[in-house]
Amino acid sequence: QVQLVESGGGLAQAGGSLRLSCAASGRPFSNYAMGWFRQAPGKGRESVAAISWGAGNTYYADSVKGRFTISRDNAKNTVYLQMNSLKPEDTAVYYCAARMGVSFTVVLTTQGDYDYWGQGTQVTVSS
């Protein structure tokens, strides 16, 4: 079993920054493909960013490209989402997700690709 715990959410002003962290425990983190998703009130959950467990491959939704950066520190069993130039439309609950057993180059971008989910952290951006 894998446990994922997100942190770093909160309130930010438009144009500001936040850094989300997702700490994993339970199995060797280095073999997990990881992703960040978000769900705004009244909307479905959408993929924001994803990273392979090796090769440094990444994916970003068009809405966050150039503003958000996903990274991972396998020694700390943690994946990060650096969010800059925040906009009110970034307001959502952010979730991290993990999946084992895929090639080290694979980046996963849909909910159904992932086996494990964190509990979510709220991000609110005021205008």
Would you say the ring centers of Tyr116 and Tyr32 fall short of 6.0 Å from each other? no
Smallest separation among heavy atoms of [X] and [Y], with atom names:
| X | Y | answer |
| --- | --- | --- |
| Val106 | Ala33 | O-CB, 4.1 Å |
| Ile70 | Val79 | CG1-CG2, 3.9 Å |
| Thr78 | Ser21 | CG2-CB, 4.1 Å |
| Ser127 | Pro88 | CB-CG, 3.8 Å |
| Ala49 | Tyr60 | CB-CD2, 3.8 Å |
| Gly10 | Leu18 | O-CD1, 3.9 Å |

Separation of [Y] [atom2] from [X] [atom1] (nearest 0.5 Å):
| X | Y | atom1 | atom2 | value |
| --- | --- | --- | --- | --- |
| Phe104 | Asn57 | CZ | CG | 8.5 Å |
| Ile51 | Leu81 | CD1 | CG | 10.5 Å |
| Cys96 | Glu6 | SG | CD | 4.0 Å |

Is there side-chain contact between [X] and [Y], with heavy atoms separated by less than 4.5 Å?
| X | Y | value |
| --- | --- | --- |
| Lys87 | Arg67 | yes |
| Trp53 | Met100 | no |
| Ser71 | Gln82 | no |
| Met34 | Leu4 | yes |
| Thr105 | Ser52 | no |

Evaluate Arg38 against Arg45 for side-chain contact (heavy atoms from CB on, under 4.5 Å), listing each step before the verdict. CA-CA 5 Å; Arg38 67 186 181 187; Arg45 192 171 297 188; over 6 Å; no
If you draw a 6.0 Å radius around CD in Gln3, do more than 12 non-hydrogen atoms from other residues or ligands fall strictly inside? yes
Exam field: side chain Tyr114 to backbone Leu108, donor-acceptor pair closer than 3.5 Å: yes
Main-chain N/O of Ser7 paired with Thr121 side-chain donor or acceptor, under 3.5 Å: no
Check the hydrophobic clustering (I, L, V, M, F, W, Y; side-chain heavy atoms under 4.5 Å; chains of links allowed) and say if Val107 and Val64 are grouped together. no
Look at Lys65 together with Asp62 and state whether they make a salt bridge at an N to O cut-off of under 4.0 Å. yes
What verdict does the side-chain contact (heavy atoms from CB on, under 4.5 Å) test give for Met83 and Thr69, after you've listed the backbone C-alpha separation in whole Å, the side-chain angles of each residue and the deciding distance to 0.1 Å? CA-CA 7 Å; Met83 305 187 295; Thr69 302; over 6 Å; no
Residue from Tyr95, Tyr80, Trp36 passing side chain to side chain contact (heavy atoms under 4.5 Å, CB included) with Leu20: Trp36
Please evaluate residues Asp90 and Phe68 with respect to the criterion side-chain contact (heavy atoms from CB on, under 4.5 Å), reporting the C-alpha separation (whole Å), side-chain torsions for both, the decisive distance (0.1 Å), and the verdict. CA-CA 11 Å; Asp90 294 319; Phe68 290 11; 3.9 Å; yes
Qualifying residue for ring-ring contact (aromatic ring centres under 6.0 Å, His included) with Phe37, from Trp117, Tyr59, Tyr94: Trp117
Give the intermediate values and the outcome of side-chain contact (heavy atoms from CB on, under 4.5 Å) for residues Asp113 and Gln111. CA-CA 5 Å; Asp113 291 331; Gln111 291 189 61; over 6 Å; no
